[in-house]
Each structure stands twice: as structure tokens, then as C-alpha cells.
Amino acid sequence: MGIHISGQNKSPGLTNGAMLVIATVVGGGMFSLPIAMAGVWFTGATIILILIALMMLLTGLMLVEVNLHFEPGASFNTFTLELLGKKWNLLVGIAFGFVLYILTYAYISGSSAVLSQTVMKYAGYSFSSSLAVIVVSMLVGVIAWYSSLWVGRITTVLIFGKFIAFFATFSGMVSHIEIAKLLDSASVALQGTSYLPYVLMTLPFCIISFGFHGNVPSLVKLYGKNNVRKITLSIIIGTAFAVLLYIFWLAVTMGNISRAEFSPIIAKGGNIDVFVEAIGGIFASKHMGLILTFFGNFAVASSLLAATLGLFDYIADLFNFPNDRVGRFKTAVVTYLPPAVVCFFYPNGFVYAIGYAGLAFTIWSVILPPFLVKSARKRYSSALYTAPCNNLVLNLIIVCGFIVYLTVILDVLGWLPTFK
Ligand SMILES: N[C@@H](Cc1ccccc1)C(=O)O
């Protein structure tokens, strides 16, 4: 697209960028948080969320520093190839595609689960999850085939719906928060339980939930090179908003469902429908259940469409499919068919998928940015913007990125403690 805003006097307001970041950051990943964090529970989760948010904020700012050495519109592909060479670029390309694919799978899984639950509850007939998978994928595929503009418009509407439903739901739930449950006091706690062993398993989930990094090039394109302050502020506002929202979300969920009561939810696969069902059970009024269902539907549908748009463009670009009727049809098939097929056979992999997405995402959102910055600082003597990270911080973040992979190694060896 040839939008070139940098040359004009008037640049878009801060709200545009901040909304773009908020819309990407807050997504279906949020639904995996209470389940992933059940092991460390509320206090531990709050500390981990703040630390990971800080780390993801820094790596986002690093990407801004790097991106500003290139023309607005340059993508990950451009700067990874230029600064780190072909091997890195191949690895990052694969991880990039993997994250988008698996998120699409996760969101189809989540949306079809809440859809079939909603139909079952309010229309009264059973709607199998495999049928829901077909309906959801066809619907999204047709919208994307029809036009990206529509995906954008519908997503905007859904994001508004999501926030309205969110506040409607949670204003109703705040009064129900029980401090004993929230703090896992002795009266409700599992006997002889511990929290610390479960820290490692939470990391991929937190990292994906603070993910917006694929949108840094869009932000740079939106504001151009003369408005660096707005770019960084959008990222800071978006991340701060997400931390507060997630802490609030955990307070509401963990203050209503005790830690011991999480086990059956986790045992059922932890998909969104089971979760919505469990929270909904607390309310006597049917009204509240409806609002909650509404929220679940809106939240995953908007993430599905937003993630999808990225994957759609990525696939079109990768395979050089033209932007006409036939070309877009091919793109839609390559984008949705594989995740839909997997989802048809494994409809409840939502939580697992978010975890794997987090692992692949760590490669390009945690490990890659410090390496890019190191290379850029060596190559260019001056910079439009310098991220607040010295060499020590850069190395520390690289180490953190690798620590996340300990979860995989321990998991493969069967040594990873998971809360069940
Ligand atoms: N942060 C998003 C997922 C995401 C990650 C990375 C890029 C885009 C989206 C979520 O919580 O669902």
C-alpha cells in the first residue's frame, strides 16, 4: 500500500496507534491466562505479568529503534535479512508463519467452542463442535476472500463490542470477588500445595498475551519517521493497558473460581466454553450468563479476524497470489483450510495451541530484537531513536528468551511440573 503519511504535516493522532496496539495485544490469549496461571495463582501471576510486560515493552521499543533505520513500510523480512543475514531470516520467517497459523487454529477452536455452546444454550439444539468449526472457518474465509477492508471494518466493530461486553461482564463480577479465593487462603487452598514450581510453564502464555510486535512496522508506517514519540507512546500505552486489564481479569476469575476448582476446568482441556460455563455458573441471573457468552463470542471473533488478516497477507505475499478473485480464493484456502482441518479433528487444543504459539513467538519477539539492535548499533553511528537498553539489558533479555525454551526441554523430558 502506498500510504505515505510521513511527508505530510498532519500525522494521525495518538489514539490511532494506541488502539492498534491495544487491539492486537488484548486477544484470545487472555483466555488462556487464568488456566496457565492457576499454578502460581494471583499474587505470583501479578508479579510475572508485570515483569513480562516490561520485557515485551522493551523488545517492542528495540524493534522501533531497528525499524527506524529503514524506510517506513519495511518489514521483519527486510531488516532481519539486512542486519542478520539469510539464516536468521529463514528461521524468523518460519516462526512468523507458525505463530499466525497456530493462532488461527487456536482462535477457530475457541470461537467454534463458544459458538456451539451459545447455540446449545439459547437455541436449545445441540450443535456439534465439528460443525461449528466448519461454519466458523467458512464464514471467516468468505469475509477475507470478499475483501480485507471488510475484515478491518468488522474487526473494529467487534473490538468495540468486546470492550463493552467486557466491562458489562466484569462490573457484574467484581462484587463477587472473594478475597480468600483470590489469595488462596488456607481455608480454600489445596493441602500442602506450592506455587513456585509452576512459574516456568506460565511464560509462553504471558509472552503471547503481550504480543503486538508484528505490528511495529505498521506503526512506523502509520506515523512515519517524524513522529517517533507517538510510536513509542502507542506501545507504552497499549502495554500498560494490557497489564492492568489482565491483572483485573485474573482478579475477577481467580476471585470467583478457587484454585482447587480450576482442576476440572483444566482437565476438560481448558477451552473457552468450559471456562465461560464455570464462571457463568456462579451467577444466579440468566442475564449475566448471556452477557458473558456475548463477551466470549466477541473476544475470540475479533482476535480471529485480526490474526487472520496478518496470515492472509503473509500467505498472499509468500506464494505471490494476486489480489483478484481467484488469487484471493487461493489465499483464503491456504490460510484457513489447514487450521480448520486440524481443528475439525482436534477441536479442543486451544490452550496447547496458545502455548506453542508463545514458544514460536519468543523467537521473534524476545530473542530476535536484541540481536537486531546489537547489529544495528554496530552498523549505524546515529539513530533517530534509541531504545532504553544498554548491552547488559540486551544480553539479559536474550538469556530470558532462552530460559523460556527450558519449558520445552523439561516438558520433553517429562520434568516440567504442570498444575493439573
Ligand atoms: N496478543 C495476542 C496474540 C498475538 C500475538 C502476537 C501477535 C499478534 C497477536 C493475544 O493475546 O491473543
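Keep in mind that what you see is a predicted model, and the values were worked out from it rather than measured. Each ligand, and each atom within it, is numbered from 1 in the order the structure gives.
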When you compare ligand 1 with Phe210, is there at least one nitrogen or oxygen pair between them that comes in under 3.5 angstrom? no
Please check if the number of heavy atoms outside Arg229 that lie under 6.0 Å from its CZ is greater than 12. no
Check whether any heavy atom of Gly214 sits under 4.0 Å from an atom of ligand 1. no
Report, in ascending order of atom number, the atoms of ligand 1 lying under 4.0 Å from any heavy atom of Tyr107. 2 (C), 3 (C), 10 (C), 12 (O)
At less than 4.0 angstrom from any non-hydrogen atom of Gly29, what atoms of ligand 1 do you find? 10 (C), 11 (O), 12 (O)
For Gly27, atoms of ligand 1 separated by under 4.0 Å from a heavy atom: 10 (C), 11 (O), 12 (O)
Close N or O approach (Leu103, ligand 1; < 3.5 Å): no
Looking only at protein heavy atoms, what sits closest to atom 8 (C) of ligand 1 is Thr24 CG2, 3.6 Å
Strictly under 6.0 Å, is that where the ring centroids of Trp364 and Phe98 end up? no
Hey, is ligand 1 close enough to Val99 that some N/O pair sits below 3.5 Å? no
Would you mind running through ligand 1 and noting each atom that sits below 4.0 Å from a heavy atom of Phe361? 6 (C)
Can you check whether Phe31 and Phe295 have ring centres sitting under 6.0 Å from each other? yes
Do any heavy atoms of Ser303 fall under 4.0 Å from ligand 1? no
Just jot down the ligand 1 atoms closer than 4.0 angstrom to any heavy atom of Val25, in number order. 1 (N), 2 (C), 10 (C), 11 (O)
Mind telling me whether Phe167 and Phe248 have parallel, tilted or perpendicular rings, with 30° and 60° as the class edges? parallel
If the plane angle is over 60° it's perpendicular, under 30° parallel, otherwise tilted; pick one for Tyr380 and His69. parallel
From CA spacing to verdict: side chain to side chain contact (heavy atoms under 4.5 Å, CB included), Tyr336, Thr308: CA-CA 9 Å; Tyr336 301 108; Thr308 272; 2.2 Å; yes
Is any side-chain N of the basic residue among Glu65 and Arg377 closer than 4.0 Å to the acidic one's carboxylate O? yes
If I apply the N/O under 3.5 Å rule, does Trp364 come out as touching ligand 1? no
If you count heavy atoms of other groups shown closer than 6.0 angstrom to CZ of Phe160, is the number above 12? no
Please check whether Phe212 reaches ligand 1 - meaning an N/O of the residue sits under 3.5 Å from an N/O of the ligand, judged on distance alone. no
Less than 4.0 angstrom from a charged side-chain N to a carboxylate O is my criterion; do Glu277 and Lys268 meet it? no
